[in-house]
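Residue indices begin at 1 and follow the sequence shown. Just the heavy atoms: all of them, side chains too, but no hydrogens, waters or symmetry mates, feed the values below.
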Amino acid sequence: MFYHVKELQFNARVSKPDPAFASLLLEQFGGANGELKAAMQYFVQAFSVRQPYPDQYDMLMDIATEEFSHLEIVGATIQMLLGPINGELKNAAEEAEIMQLLQGKAKKEDFIHNAMVNPQFFVLSGGGPTLTNSQGVPWNGSYVDANGDPTVDLRSNIAAESRAKIVYEYLMQFTDDPYVKETLSFLMTREVAHFQMFEAALETIQPNFPPGVLQGDPRYSNNYFNMSNGPDVKGPWNEGKSPGLGETWQYVEEPFRHVVETNGMIDHKTNGTDRTMKSVDKMDKALSQERSKKVKAAVPKGENQWCKYPQISL
């Protein structure tokens, strides 16, 4: 159950109108890494964990709801940056005050350029936020990652928060308005907070690597293929122990020769790991049963209901 509180989570302010930056800020309103994407992603993910992982459901719904509040902050900021444009667009006279706002020919040409790049923003919306990115591309449901497994979804969320944070970092370089920077800094910092929340939630699910249930074939899990010509580069991604499984990386210097000699990797031998197909099969079965049992136990047979009322004191 949702209800709207009219006060913003953070008191967004602007020093003066800036239509050009308002257009850029649309990236966080309806873009692939924006607040609506995050809100919808966490909201959708929450449904599959409602009964087997009620604690994860609570967290995902809380953060999804906060992301909707961030969408409101971004939308409010865009609207304030547009200043009187909405009203002035209704003045069809050439001497409309919007031309004074745009400060002459150069600003007018810049405005026209922006309209050509993203015509819906000014021409079709009448000067209000639109569910598009900064280029006018409509928001798309394919932005949302929801796989139904928290060890996968939480990693998607960590990545989503990282991408959103860096977009705010970039946006802050395109405005000199101290009030707008203050708002963007708040939103950027909340991405950092959410990153940590998702990371902590992932650690509560053990084991959580590799993502999902099946453990992977030990013959192929620690091979690094040198797939490019030129000086070889070594690092923790191809020498020493692998960070997830603790296996020793096997550096394949000549991948083509190796593939031919191993009959297309079919005859490739296990090296640098204590894992065997037998131990993997055992782990697959044990973890499959554990995860399946947890989900089945959480979903009652026959009649089912989402809530038991009251869930909070009246």
Side-chain angles (χ1 to χ4, degrees), residues 4-39 66-139 143 163-191:
H4 180 253
V5 176
K6 296 178 179 62
E7 287 78 14
L8 296 178
Q9 183 188 22
F10 183 86
N11 190 16
R13 300 180 293 171
V14 304
S15 297
K16 60 184 182 301
D18 187 348
F21 187 72
S23 183
L24 276 181
L25 192 52
L26 275 176
E27 200 62 43
Q28 291 301 79
F29 195 75
N33 299 307
E35 301 293 352
L36 179 60
K37 172 260 173 70
E66 184 179 356
E67 298 290 11
F68 278 118
S69 77
H70 293 174
L71 184 70
E72 185 177 22
I73 292 170
V74 172
T77 302
I78 290 171
Q79 192 64 57
M80 289 187 290
L81 287 168
L82 293 173
I85 284 180
N86 185 276
E88 292 304 324
L89 283 173
K90 294 175 172 57
N91 185 346
E94 177 67 23
E95 293 79 16
E97 290 182 13
I98 188 173
M99 296 309 168
Q100 298 176 23
L101 171 66
L102 296 177
Q103 300 173 4
K105 183 179 178 180
K107 286 289 187 179
K108 181 177 179 180
E109 289 177 348
D110 184 54
F111 179 86
I112 294 171
H113 170 73
N114 286 336
M116 291 173 66
V117 173
N118 183 3
Q120 292 186 0
F121 189 34
F122 296 118
V123 177
L124 297 183
S125 74
T130 57
L131 285 179
T132 70
N133 67 10
S134 58
Q135 300 297 303
V137 179
W139 188 87
Y143 297 158
R163 289 191 294 269
K165 177 186 182 291
I166 202 66
V167 173
Y168 279 123
E169 284 192 29
Y170 293 153
L171 283 169
M172 289 170 70
Q173 299 180 48
F174 288 91
T175 178
D176 295 324
D177 190 320
Y179 292 154
V180 174
K181 283 191 172 184
E182 184 180 50
T183 298
L184 298 182
S185 178
F186 168 78
L187 293 169
M188 180 195 72
T189 303
R190 291 307 297 163
E191 310 295 354

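Closest approach of Ser134 and Glu27 over heavy atoms only: OG-OE1, 2.7 Å. Between Pro19 and Pro17 the shortest heavy-atom distance is CD-C, 3.9 Å. Between Ser69 and Gln9, the closest heavy-atom pair is OG-OE1, 3.1 Å. Of all heavy-atom pairs between Met80 and Ala12, the closest is CE-O, 3.4 Å.
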Please evaluate residues Leu184 and Thr77 with respect to the criterion side chain to side chain contact (heavy atoms under 4.5 Å, CB included), reporting the C-alpha separation (whole Å), side-chain torsions for both, the decisive distance (0.1 Å), and the verdict.
CA-CA 10 Å; Leu184 298 182; Thr77 302; 6.0 Å; no
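Using modelled atom types, one side-chain atom of Thr189 and one backbone atom of Ser185 make a donor-acceptor pair closer than 3.5 Å.
Looking at heavy atoms from C-beta onward, Phe68 lies in side-chain contact with Leu36 at the 4.5 angstrom threshold. Looking at heavy atoms from C-beta onward, Leu71 lies in side-chain contact with Phe29 at the 4.5 angstrom threshold.
For Ala38, the side-chain contact (heavy atoms from CB on, under 4.5 Å) criterion is met by Tyr42, Glu67, not counting sequence neighbours. Taking the ring pair (Phe, Tyr, Trp, His ring centres under 6.0 Å) definition, one finds that Phe21 meets it with nothing, sequence neighbours left out. With sequence neighbours left out, Arg163 forms a salt bridge (charged side-chain N to carboxylate O under 4.0 Å, His left out) with no residue at all. Listed by chain and residue number, Arg190 satisfy the salt bridge (charged side-chain N to carboxylate O under 4.0 Å, His left out) test with Glu66 (two or more places apart in sequence, or in another chain).
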Contacts table for residues 167-175: side-chain donor-acceptor under 3.5 angstrom, sequence neighbours left out:
residue : atom : partner : partner atom : Å
Tyr168  : OH   : Glu35   : OE2          : 2.5
Glu169  : OE2  : Lys165  : NZ           : 2.2
Thr175  : OG1  : Asp177  : N            : 3.1

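In this structure, Asn133 CG and Leu24 CG are separated by 11.0 Å, a value rounded to the nearest 0.5 Å. Interatomic distance, Leu26 CG to Leu131 CG, rounded to the nearest 0.5 Å: 9.0 Å.
The aromatic rings of Phe186 and His70 stand perpendicular to each other, their planes meeting at an angle above 60°, with 30° marking the opposite boundary.
Evaluation of the salt bridge (Lys or Arg N to Asp or Glu O under 4.0 Å) test over residues 6-15, restricted to residues two or more places apart or in two chains, returns Arg13-Glu182.
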